[in-house]
Amino acid sequence: MANFLNINAQSTKQIMALVERSLALKQGAKPAGQAYTVANLFFENSTRTATSFQMAEQRLGWQLIDINPQNSSMSKGESLADTLKTIKAIGVDVAVVRHAQTAWYEHLDGGRHPLPILVNAGDGSGQHPSQSLLDLVTIYEHFGHFQGLKIRIVGDLAHSRVAHSNAEIFQRLGANITLSGPEIWHDSAFEQFGNYVDLDDQLDQVDVLMFLRVQHERITNQENQSFSALQYHRAYGLTQERYQKLQNNAIIMHPGPVNRDVEIASDLVEAPKSKIFEQMTNGVYARMAMLESIQ
Ligand code: CP
């Protein structure tokens with residue numbers, strides 16, 4: 001069994017196999033592989049990722065051990081590594097971990113006792129591999145390919161693990177990436193993947209318009225005071241006017257939770273071009289495929 005920490009550690013062939021497998025599971029393919037014992041440790045809040053990992057694990061027939069990190073002995077000073085070694089010693093095979101620390105998995109102490117197999121459910125502003133996979137599944141389901149797609153990622157780029165995961169894999173799969181958002185949240189890490197453009201630049205040629213959540217829990221007071229919600233929405237949000245400019249086959253994506261009327265006008269969150277709830281549905285199948293693949 002192998003850890004699943006960063007989608008970009010997978011080969012293109014492996015990623016395409018995961019996309020195809022997710023869609024096969026959605027179409028009713030039978031789950032495969034051994035049933036493992038799994039614990040989901042969410043040190044940061046989650047609606048979508050936590051619930052859909054649970055759903056995926058149940059559909060795979062895995063045994064879930066209920067651990068609430070807020071009630072664990074970490075409140076008494078136990079380290080993340082010791083918590084993970086402890087649950088492994090007790091019989092947990094796989095730990096699905098969300099943590100505010102970027103690359104938490106690179107900071108685990110060694111030692112004699114093994115860790116469970118680790119699945120990254122989102123690390124700080126680092127990576128969000130299961131979100132990337134469900135985004136790939138949603139795009140591939142709609143377009144049937146990635147080659148040449150014009151994908152624009154918009155918003156709080158610097159703090160977004162979704163953007164950090166996605167920009168690289170989208171480029172590797174042949175998409176053309178552009179990036180938009182407040183300059184204060186530009187990040188040089190993206191320069192190798194695409195150019196920064198104004199949101200309105202050639203909007204009528206974009207295939208996928210992906211908005212990012214403003215990460216209030218990670219932004220500084222100074223950043224918070226840079227603009228009001230209304231100013232942000234006008235400059236970087238999906239308005240009716242922008243929606244009307246999109247080509248017929250374009251899609252709108254957002255990892256959720258959406259700050260309604262900030263990233264996306266509330267009445268466009270469920271507009272015909274929006275794939276936001278389809279992304280959530282696809283998340284279950286993507287996570288089933290991911291968990292099958294670590295065996
Ligand atoms: N997209 C996403 O990670 O949402 P949650 O924080 O609700 O899991």
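Throughout, residue positions are numbered sequentially from 1 according to the sequence presented. Atoms within each ligand, like the ligands themselves, are counted from 1 in listed order.
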Which residue and atom name correspond to the protein heavy atom nearest [atom], and how close is it?
{"atom": "atom 6 (O) of ligand 1", "value": "Arg98 NH1, 2.8 Å"}
{"atom": "atom 7 (O) of ligand 1", "value": "Thr47 N, 2.8 Å"}
{"atom": "atom 4 (O) of ligand 1", "value": "Arg48 NE, 3.0 Å"}

Exercise for the section: Verify the distance criterion only: is there a donor paired with an acceptor across the side chains of Glu263 and Asn259 at less than 3.5 Å? Expected result: yes
Exercise for the section: Examine Gly256 against ligand 1 and note whether any of their N/O atoms are separated by less than 3.5 Å. Expected result: yes
Practice task
Report yes if Pro255 has an N/O atom closer than 3.5 Å to an N/O atom of ligand 1; otherwise report no.
Solution key: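 Between Pro255 and ligand 1 (N or O atoms, distance only) the closest approach is under 3.5 Å.
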Problem - Over-ring placement of Arg98 relative to Phe42, 6.0 Å and 45° cut-offs - result: no
Practice task
Compare Thr49, Thr51, Leu134 and give the one whose heavy atom is closest to atom 2 (C) of ligand 1.
Solution key: Thr49
Practice task
Please state which part of Glu44 comes within less than 4.0 Å of ligand 1, counting heavy atoms only: side chain, backbone, both or neither.
Solution key: neither
With the threshold set at 4.0 Å, does a side-chain nitrogen-carboxylate oxygen contact exist between [X] and [Y]?
{"X": "Glu278", "Y": "Lys26", "result": "yes"}
{"X": "Arg161", "Y": "Glu44", "result": "yes"}
{"X": "Glu241", "Y": "Arg234", "result": "no"}

Practice task
Pull out every atom of ligand 1 sitting under 4.0 Å from any heavy atom of His128, numbered as shown with elements.
Solution key: 2 (C), 3 (O)
Exercise for the section: Answer yes or no: is there a donor N or O on one side and an acceptor on the other, between the side chain of Ser75 and the main chain of Asn71, under 3.5 Å? Expected result: no
